Number of protein chains: 2
Amino acid sequence: MVFIMDTQFWFDTLEKDSCRLTGARRAVVETIAHAHTSLTPLEVYDLARQIYRHLGLVTVYRTLEKLEELRLIQRVHQPGGCNAYISNANGHQHLLICESCGTSVYFEGDDLVALFDKVACQTGFEIKEHWLQLSGLCSKCKKS
Amino acid sequence: MVFIMDTQFWFDTLEKDSCRLTGARRAVVETIAHAHTSLTPLEVYDLARQIYRHLGLVTVYRTLEKLEELRLIQRVHQPGGCNAYISNANGHQHLLICESCGTSVYFEGDDLVALFDKVACQTGFEIKEHWLQLSGLCSKCKKS
DNA sequence: TTACTTGCAAACGTTTTGCACGATT
DNA sequence: AATCGTGCAAAACGTTTGCAAGTAA
(Lines give C-alpha, C1' and ligand atoms only; values in the text may rest on other atoms or scores of the structure.)
Protein backbone atom coordinates (compact mmCIF):
# COMPACT_ATOMS: atom_id res chain seq x y z
CA MET A 1 0.00 0.00 0.00
CA VAL A 2 1.35 3.38 -0.99
CA PHE A 3 -0.09 6.59 0.33
CA ILE A 4 0.88 10.22 -0.04
CA MET A 5 0.62 12.25 3.13
CA ASP A 6 -0.54 15.81 2.71
CA THR A 7 2.29 17.81 4.19
CA GLN A 8 0.52 21.03 3.22
CA PHE A 9 -1.84 20.53 6.14
CA TRP A 10 1.14 20.37 8.48
CA PHE A 11 2.57 23.61 7.12
CA ASP A 12 -0.81 25.34 7.34
CA THR A 13 -1.15 24.27 10.96
CA LEU A 14 2.33 25.54 11.74
CA GLU A 15 1.61 28.88 10.06
CA LYS A 16 -1.61 29.30 12.00
CA ASP A 17 0.56 29.04 15.12
CA SER A 18 2.78 31.79 13.68
CA CYS A 19 5.67 29.46 13.06
CA ARG A 20 8.04 30.21 10.20
CA LEU A 21 8.47 27.65 7.49
CA THR A 22 12.17 27.00 7.51
CA GLY A 23 14.21 24.36 5.74
CA ALA A 24 14.77 22.57 9.00
CA ARG A 25 11.09 22.32 9.80
CA ARG A 26 10.19 21.25 6.29
CA ALA A 27 12.71 18.43 6.47
CA VAL A 28 11.43 17.18 9.83
CA VAL A 29 7.81 17.36 8.69
CA GLU A 30 8.49 15.55 5.41
CA THR A 31 10.38 12.84 7.28
CA ILE A 32 7.69 12.10 9.84
CA ALA A 33 4.77 12.53 7.49
CA HIS A 34 6.15 9.94 5.10
CA ALA A 35 7.39 7.45 7.68
CA HIS A 36 5.60 4.15 8.08
CA THR A 37 6.90 3.51 11.57
CA SER A 38 7.47 5.54 14.69
CA LEU A 39 10.79 7.37 14.84
CA THR A 40 13.04 8.45 17.67
CA PRO A 41 14.53 11.96 17.64
CA LEU A 42 17.84 10.51 16.48
CA GLU A 43 16.18 8.57 13.67
CA VAL A 44 14.36 11.71 12.56
CA TYR A 45 17.69 13.52 12.64
CA ASP A 46 19.42 10.97 10.42
CA LEU A 47 16.58 10.79 7.91
CA ALA A 48 15.86 14.49 7.77
CA ARG A 49 19.49 15.34 7.13
CA GLN A 50 19.17 13.55 3.82
CA ILE A 51 16.80 16.36 2.92
CA TYR A 52 18.45 19.23 4.80
CA ARG A 53 22.13 18.66 5.54
CA HIS A 54 22.65 21.47 8.02
CA LEU A 55 19.94 20.27 10.40
CA GLY A 56 20.94 20.05 14.06
CA LEU A 57 19.69 17.53 16.57
CA VAL A 58 18.56 20.31 18.87
CA THR A 59 16.26 21.62 16.18
CA VAL A 60 14.76 18.17 15.81
CA TYR A 61 13.90 18.15 19.50
CA ARG A 62 12.38 21.61 19.32
CA THR A 63 10.39 20.80 16.20
CA LEU A 64 9.08 17.57 17.67
CA GLU A 65 7.99 19.47 20.76
CA LYS A 66 6.10 21.95 18.61
CA LEU A 67 4.49 19.27 16.44
CA GLU A 68 3.37 17.37 19.53
CA GLU A 69 1.91 20.56 20.99
CA LEU A 70 -0.03 21.08 17.76
CA ARG A 71 -1.15 17.44 17.93
CA LEU A 72 0.37 16.69 14.55
CA ILE A 73 2.39 13.87 16.05
CA GLN A 74 1.95 11.67 19.06
CA ARG A 75 4.36 9.90 21.35
CA VAL A 76 4.51 6.16 20.98
CA HIS A 77 4.86 4.24 24.22
CA GLN A 78 6.64 0.93 24.00
CA PRO A 79 8.07 -1.48 26.56
CA GLY A 80 11.57 -0.22 25.89
CA GLY A 81 10.65 3.42 26.38
CA CYS A 82 8.50 6.20 25.09
CA ASN A 83 10.77 8.42 23.06
CA ALA A 84 9.44 7.65 19.59
CA TYR A 85 6.95 9.73 17.62
CA ILE A 86 4.49 9.02 14.87
CA SER A 87 2.30 11.06 12.55
CA ASN A 88 -1.09 11.93 13.94
CA ALA A 89 -2.43 13.90 11.03
CA ASN A 90 -5.93 12.46 11.19
CA GLY A 91 -6.59 13.30 14.80
CA HIS A 92 -6.11 11.13 17.84
CA GLN A 93 -5.94 7.51 16.89
CA HIS A 94 -5.00 4.22 18.46
CA LEU A 95 -1.90 2.38 17.47
CA LEU A 96 -1.12 -1.23 16.80
CA ILE A 97 2.59 -1.88 16.46
CA CYS A 98 4.49 -4.92 15.25
CA GLU A 99 7.08 -5.90 17.83
CA SER A 100 9.27 -7.41 15.18
CA CYS A 101 9.39 -4.97 12.24
CA GLY A 102 7.92 -1.81 13.77
CA THR A 103 5.11 -1.48 11.25
CA SER A 104 2.33 0.67 12.67
CA VAL A 105 -1.37 0.50 11.95
CA TYR A 106 -4.17 2.67 13.28
CA PHE A 107 -7.47 1.28 14.44
CA GLU A 108 -10.79 2.66 15.59
CA GLY A 109 -11.82 2.55 19.20
CA ASP A 110 -15.46 3.58 19.11
CA ASP A 111 -16.38 1.03 21.76
CA LEU A 112 -14.20 2.85 24.23
CA VAL A 113 -16.42 5.80 25.03
CA ALA A 114 -18.91 3.63 26.90
CA LEU A 115 -16.11 2.12 28.94
CA PHE A 116 -14.74 5.55 29.81
CA ASP A 117 -18.13 6.76 30.95
CA LYS A 118 -18.54 3.72 33.15
CA VAL A 119 -15.12 4.21 34.73
CA ALA A 120 -15.76 7.91 35.28
CA CYS A 121 -19.01 7.10 36.99
CA GLN A 122 -17.53 4.42 39.22
CA THR A 123 -14.45 6.34 40.28
CA GLY A 124 -15.67 9.92 40.41
CA PHE A 125 -12.83 10.95 38.11
CA GLU A 126 -13.21 13.40 35.27
CA ILE A 127 -11.39 11.65 32.45
CA LYS A 128 -9.39 13.96 30.24
CA GLU A 129 -6.99 11.86 28.28
CA HIS A 130 -6.60 8.26 27.31
CA TRP A 131 -4.20 6.20 25.43
CA LEU A 132 -4.57 2.73 24.17
CA GLN A 133 -1.88 0.89 22.35
CA LEU A 134 -1.57 -2.67 21.17
CA SER A 135 1.47 -4.60 20.13
CA GLY A 136 2.01 -7.97 18.58
CA LEU A 137 3.09 -9.51 15.30
CA CYS A 138 1.94 -8.34 11.88
CA SER A 139 0.82 -10.89 9.32
CA LYS A 140 4.23 -10.94 7.59
CA CYS A 141 6.25 -11.41 10.78
CA LYS A 142 3.81 -14.01 12.09
CA LYS A 143 4.82 -16.32 9.24
CA SER A 144 8.58 -16.10 9.68
CA MET B 1 -9.62 3.54 52.13
CA VAL B 2 -6.76 1.74 53.85
CA PHE B 3 -5.35 -1.47 52.52
CA ILE B 4 -2.46 -3.68 53.54
CA MET B 5 -0.47 -5.09 50.67
CA ASP B 6 0.85 -8.59 51.14
CA THR B 7 4.57 -8.17 50.70
CA GLN B 8 5.10 -11.83 51.45
CA PHE B 9 3.89 -12.64 47.95
CA TRP B 10 6.58 -10.37 46.52
CA PHE B 11 9.30 -12.07 48.53
CA ASP B 12 8.05 -15.52 47.56
CA THR B 13 8.11 -14.55 43.90
CA LEU B 14 11.63 -13.22 44.24
CA GLU B 15 12.78 -16.39 45.98
CA LYS B 16 11.27 -18.56 43.26
CA ASP B 17 13.50 -16.65 40.84
CA SER B 18 16.46 -17.52 43.09
CA CYS B 19 16.91 -13.96 44.27
CA ARG B 20 18.31 -13.30 47.72
CA LEU B 21 16.22 -11.41 50.20
CA THR B 22 18.47 -8.55 51.19
CA GLY B 23 17.76 -5.42 53.18
CA ALA B 24 17.92 -3.34 50.04
CA ARG B 25 15.33 -5.41 48.21
CA ARG B 26 13.05 -5.56 51.22
CA ALA B 27 13.10 -1.78 51.48
CA VAL B 28 12.31 -1.26 47.80
CA VAL B 29 9.51 -3.82 47.90
CA GLU B 30 7.94 -2.37 51.04
CA THR B 31 8.08 1.09 49.54
CA ILE B 32 6.38 0.24 46.27
CA ALA B 33 3.91 -2.20 47.75
CA HIS B 34 2.60 0.40 50.18
CA ALA B 35 2.61 3.39 47.80
CA HIS B 36 -0.69 4.83 46.64
CA THR B 37 0.81 6.54 43.60
CA SER B 38 3.37 5.68 40.97
CA LEU B 39 6.96 6.39 41.93
CA THR B 40 10.06 7.31 39.95
CA PRO B 41 13.36 5.57 40.73
CA LEU B 42 14.49 8.66 42.62
CA GLU B 43 11.28 8.77 44.65
CA VAL B 44 11.69 5.10 45.51
CA TYR B 45 15.26 5.84 46.53
CA ASP B 46 14.25 8.64 48.90
CA LEU B 47 11.40 6.70 50.48
CA ALA B 48 13.20 3.38 50.76
CA ARG B 49 16.17 4.97 52.49
CA GLN B 50 13.87 5.77 55.39
CA ILE B 51 13.72 2.00 55.85
CA TYR B 52 17.24 1.08 54.79
CA ARG B 53 19.72 3.94 55.10
CA HIS B 54 22.58 2.42 53.15
CA LEU B 55 20.54 1.86 49.99
CA GLY B 56 22.15 3.05 46.75
CA LEU B 57 20.33 4.47 43.76
CA VAL B 58 21.93 1.90 41.50
CA THR B 59 20.39 -0.87 43.54
CA VAL B 60 16.99 0.76 43.15
CA TYR B 61 17.38 0.65 39.37
CA ARG B 62 18.47 -2.98 39.43
CA THR B 63 15.65 -3.98 41.78
CA LEU B 64 13.04 -2.18 39.70
CA GLU B 65 14.31 -3.98 36.63
CA LYS B 66 13.96 -7.30 38.39
CA LEU B 67 10.49 -6.52 39.75
CA GLU B 68 9.30 -5.45 36.30
CA GLU B 69 10.69 -8.64 34.81
CA LEU B 70 8.75 -10.64 37.41
CA ARG B 71 5.65 -8.55 36.58
CA LEU B 72 5.32 -7.39 40.18
CA ILE B 73 5.39 -3.78 39.04
CA GLN B 74 4.48 -2.04 35.81
CA ARG B 75 5.71 1.09 34.14
CA VAL B 76 3.33 4.03 34.18
CA HIS B 77 3.20 6.09 31.02
CA GLN B 78 2.34 9.73 31.43
CA PRO B 79 2.54 12.80 29.21
CA GLY B 80 5.66 13.96 31.00
CA GLY B 81 7.48 10.66 30.58
CA CYS B 82 7.32 7.01 31.43
CA ASN B 83 9.85 6.48 34.17
CA ALA B 84 7.46 5.84 37.05
CA TYR B 85 6.46 2.44 38.42
CA ILE B 86 3.49 1.13 40.29
CA SER B 87 2.57 -2.08 42.07
CA ASN B 88 1.07 -4.73 39.89
CA ALA B 89 0.55 -7.40 42.49
CA ASN B 90 -2.89 -8.46 41.31
CA GLY B 91 -1.86 -9.13 37.73
CA HIS B 92 -2.12 -6.84 34.75
CA GLN B 93 -4.57 -4.04 35.39
CA HIS B 94 -5.56 -0.77 33.83
CA LEU B 95 -4.67 2.51 35.42
CA LEU B 96 -6.50 5.75 35.94
CA ILE B 97 -4.25 8.52 37.20
CA CYS B 98 -5.06 11.95 38.58
CA GLU B 99 -3.03 14.56 36.70
CA SER B 100 -3.07 16.83 39.69
CA CYS B 101 -2.25 14.74 42.77
CA GLY B 102 -1.01 11.50 41.22
CA THR B 103 -3.55 9.26 42.91
CA SER B 104 -3.88 6.01 41.01
CA VAL B 105 -6.91 3.78 40.70
CA TYR B 106 -7.27 0.49 38.88
CA PHE B 107 -10.28 -0.35 36.77
CA GLU B 108 -11.59 -3.38 34.93
CA GLY B 109 -11.47 -3.60 31.17
CA ASP B 110 -13.59 -6.65 30.40
CA ASP B 111 -15.12 -5.01 27.35
CA LEU B 112 -11.72 -4.82 25.74
CA VAL B 113 -11.32 -8.42 24.66
CA ALA B 114 -14.01 -8.08 22.02
CA LEU B 115 -12.33 -4.98 20.65
CA PHE B 116 -8.96 -6.73 20.49
CA ASP B 117 -10.45 -9.67 18.62
CA LYS B 118 -12.03 -7.32 16.11
CA VAL B 119 -8.78 -5.45 15.54
CA ALA B 120 -6.82 -8.68 15.19
CA CYS B 121 -9.28 -9.90 12.62
CA GLN B 122 -9.25 -6.68 10.63
CA THR B 123 -5.50 -6.19 10.58
CA GLY B 124 -4.14 -9.72 10.46
CA PHE B 125 -2.02 -9.00 13.52
CA GLU B 126 -1.55 -11.42 16.37
CA ILE B 127 -2.04 -9.19 19.39
CA LYS B 128 0.30 -9.98 22.27
CA GLU B 129 0.21 -7.03 24.59
CA HIS B 130 -2.02 -4.08 25.27
CA TRP B 131 -1.71 -0.88 27.18
CA LEU B 132 -4.63 1.22 28.27
CA GLN B 133 -4.29 4.13 30.59
CA LEU B 134 -6.56 7.02 31.48
CA SER B 135 -5.76 10.30 33.11
CA GLY B 136 -7.86 13.13 34.43
CA LEU B 137 -8.89 14.66 37.71
CA CYS B 138 -9.93 12.74 40.79
CA SER B 139 -13.03 13.79 42.70
CA LYS B 140 -11.01 15.79 45.25
CA CYS B 141 -8.95 17.70 42.71
CA LYS B 142 -12.01 18.34 40.54
CA LYS B 143 -13.46 20.50 43.30
CA SER B 144 -10.40 22.69 43.91
C1' DT C 1 13.33 45.83 10.52
C1' DT C 2 11.73 42.81 13.85
C1' DA C 3 10.84 38.75 15.80
C1' DC C 4 11.60 34.13 15.31
C1' DT C 5 14.74 30.25 14.40
C1' DT C 6 19.00 27.94 14.16
C1' DG C 7 23.26 25.36 15.42
C1' DC C 8 26.94 25.05 18.49
C1' DA C 9 28.75 24.11 22.89
C1' DA C 10 28.03 23.24 27.34
C1' DA C 11 25.17 21.86 31.16
C1' DC C 12 22.08 18.81 33.06
C1' DG C 13 19.64 14.77 34.95
C1' DT C 14 18.95 10.01 34.38
C1' DT C 15 20.50 5.46 33.64
C1' DT C 16 24.18 2.06 32.99
C1' DT C 17 28.65 -0.15 33.76
C1' DG C 18 33.15 -1.88 36.03
C1' DC C 19 34.82 -3.23 40.04
C1' DA C 20 36.16 -4.55 44.72
C1' DC C 21 33.85 -5.43 48.93
C1' DG C 22 30.14 -7.54 51.56
C1' DA C 23 26.21 -10.53 52.47
C1' DT C 24 23.11 -14.57 51.69
C1' DT C 25 22.40 -19.18 51.07
C1' DA D 1 32.71 -21.76 50.27
C1' DA D 2 30.47 -20.22 46.41
C1' DT D 3 27.50 -17.29 44.48
C1' DC D 4 24.98 -13.42 44.31
C1' DG D 5 24.15 -8.59 45.59
C1' DT D 6 25.84 -4.04 46.89
C1' DG D 7 27.60 0.67 46.75
C1' DC D 8 30.83 3.72 44.90
C1' DA D 9 32.76 6.18 41.17
C1' DA D 10 32.83 7.05 36.62
C1' DA D 11 31.05 6.77 32.13
C1' DA D 12 27.44 6.93 28.82
C1' DC D 13 23.30 8.55 27.22
C1' DG D 14 19.42 11.44 25.97
C1' DT D 15 17.68 15.89 26.47
C1' DT D 16 17.67 20.84 27.59
C1' DT D 17 19.55 25.55 27.87
C1' DG D 18 22.28 29.96 26.81
C1' DC D 19 23.77 32.46 23.32
C1' DA D 20 25.40 34.74 19.13
C1' DA D 21 24.61 34.49 14.31
C1' DG D 22 21.33 33.78 10.68
C1' DT D 23 16.70 33.86 8.38
C1' DA D 24 11.66 34.45 7.33
C1' DA D 25 8.03 37.52 7.22
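None of these values were measured; they are calculated from a predicted model. Chain identifiers are assigned alphabetically (A, B, ...) following the order of the sequence lines, protein sequences preceding nucleic acid strands; residue numbering begins at 1 within each chain.
For B:Lys140, there are no side-chain hydrogen bond (donor to acceptor under 3.5 Å, both in side chains) partners at least two apart in sequence or on another chain. Residues satisfying the side-chain contact (heavy atoms from CB on, under 4.5 Å) criterion with A:Glu65, sequence neighbours excluded, are absent altogether. Residues passing the salt bridge (Lys or Arg N to Asp or Glu O under 4.0 Å) test with A:Arg49, sequence neighbours excluded: A:Asp46. In terms of the salt bridge (Lys or Arg N to Asp or Glu O under 4.0 Å) criterion, residue partners of A:Lys66 (sequence neighbours excluded) are, by chain and number, A:Asp17, A:Glu69. Contacts of A:Phe116 classified as side-chain contact (heavy atoms from CB on, under 4.5 Å), with partners at least two apart in sequence or in another chain: A:Leu112, A:Ile127, A:His130, B:Leu132, B:Leu134. Under the rule for a ring pair (Phe, Tyr, Trp, His ring centres under 6.0 Å), the partners of A:Phe107 that lie at least two apart in sequence or sit in another chain are A:His94.
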Please lay out, stage by stage, how B:Trp10 and B:Thr13 fare under the test side chain to side chain contact (heavy atoms under 4.5 Å, CB included). CA-CA 5 Å; B:Trp10 297 57; B:Thr13 307; 5.8 Å; no
Would you tabulate the nitrogen or oxygen pairs shorter than 3.5 Å linking the protein to nucleotides 22-25 of chain D?
residue	atom	partner	partner atom	Å
D:dA24	N3	A:Arg20	NH1	3.1

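DNA chain C lies under 4.0 Å from at least one heavy atom of each of the following residues of residues 41-54 of chain B: B:Pro41.
One finds the CD1 atom of A:Ile97 at 7.5 Å from the OG atom of A:Ser135 (value rounded to the nearest 0.5 Å).
Counting to the nearest Å, the P atom of D:dT16 and the CD atom of A:Glu65 are 7 Å from each other.
For the side-chain hydrogen bond (donor to acceptor under 3.5 Å, both in side chains) with A:Asn88, the qualifying choice from A:Gln74, A:Glu68, A:Arg71 is A:Gln74, the only one to do so.
Each of B:Val58 and A:Ser18 was matched to the nucleotide of DNA chain C holding its nearest heavy atom; the match closer to the 5' end belongs to A:Ser18.
Within the structure, every side-chain polar atom (N or O) of A:Tyr61 is placed at least 4.0 Å from both OP1 and OP2 of D:dT16.
Between A:Cys101 and A:Thr37, the shortest heavy-atom distance links the atoms O-CG2, 4.4 Å.
For A:Asn83, the listed nucleotide lying nearest its side chain is D:dT15; candidates were D:dG5, D:dG18, D:dT15.
Among the atoms of the strands shown, only primed sugar atoms or phosphate atoms (P, OP1, OP2) are found under 4.0 Å from some heavy atom of B:Arg25.
If you walk DNA chain C from 5' to 3' and mark each nucleotide with an atom closer than 4.0 Å to a heavy atom of chain A, the marks span C:dA3 to C:dA9.
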Indicate every side-chain donor-acceptor pair of residues 118-125 of chain B with a distance under 3.5 Å to a residue at least two apart or in another chain.
residue	atom	partner	partner atom	Å
B:Thr123	OG1	B:Val119	O	2.7
B:Thr123	OG1	B:Phe125	N	3.2

Donor-acceptor contacts under 3.5 Å from residues 18-32 of chain B side chains, at least two apart:
residue	atom	partner	partner atom	Å
B:Thr22	OG1	B:Arg25	N	3.3
B:Arg25	NH1	B:Arg20	O	3.0
B:Thr31	OG1	B:Ala27	O	2.7

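In this structure a side-chain-to-backbone donor-acceptor pair under 3.5 Å is missing from A:Thr59 to A:Leu55.
Rounded to 10°, the angle separating the first-five-pair axis and the last-five-pair axis of the helix from C:dT1-D:dA25 to C:dT25-D:dA1 equals 40°.
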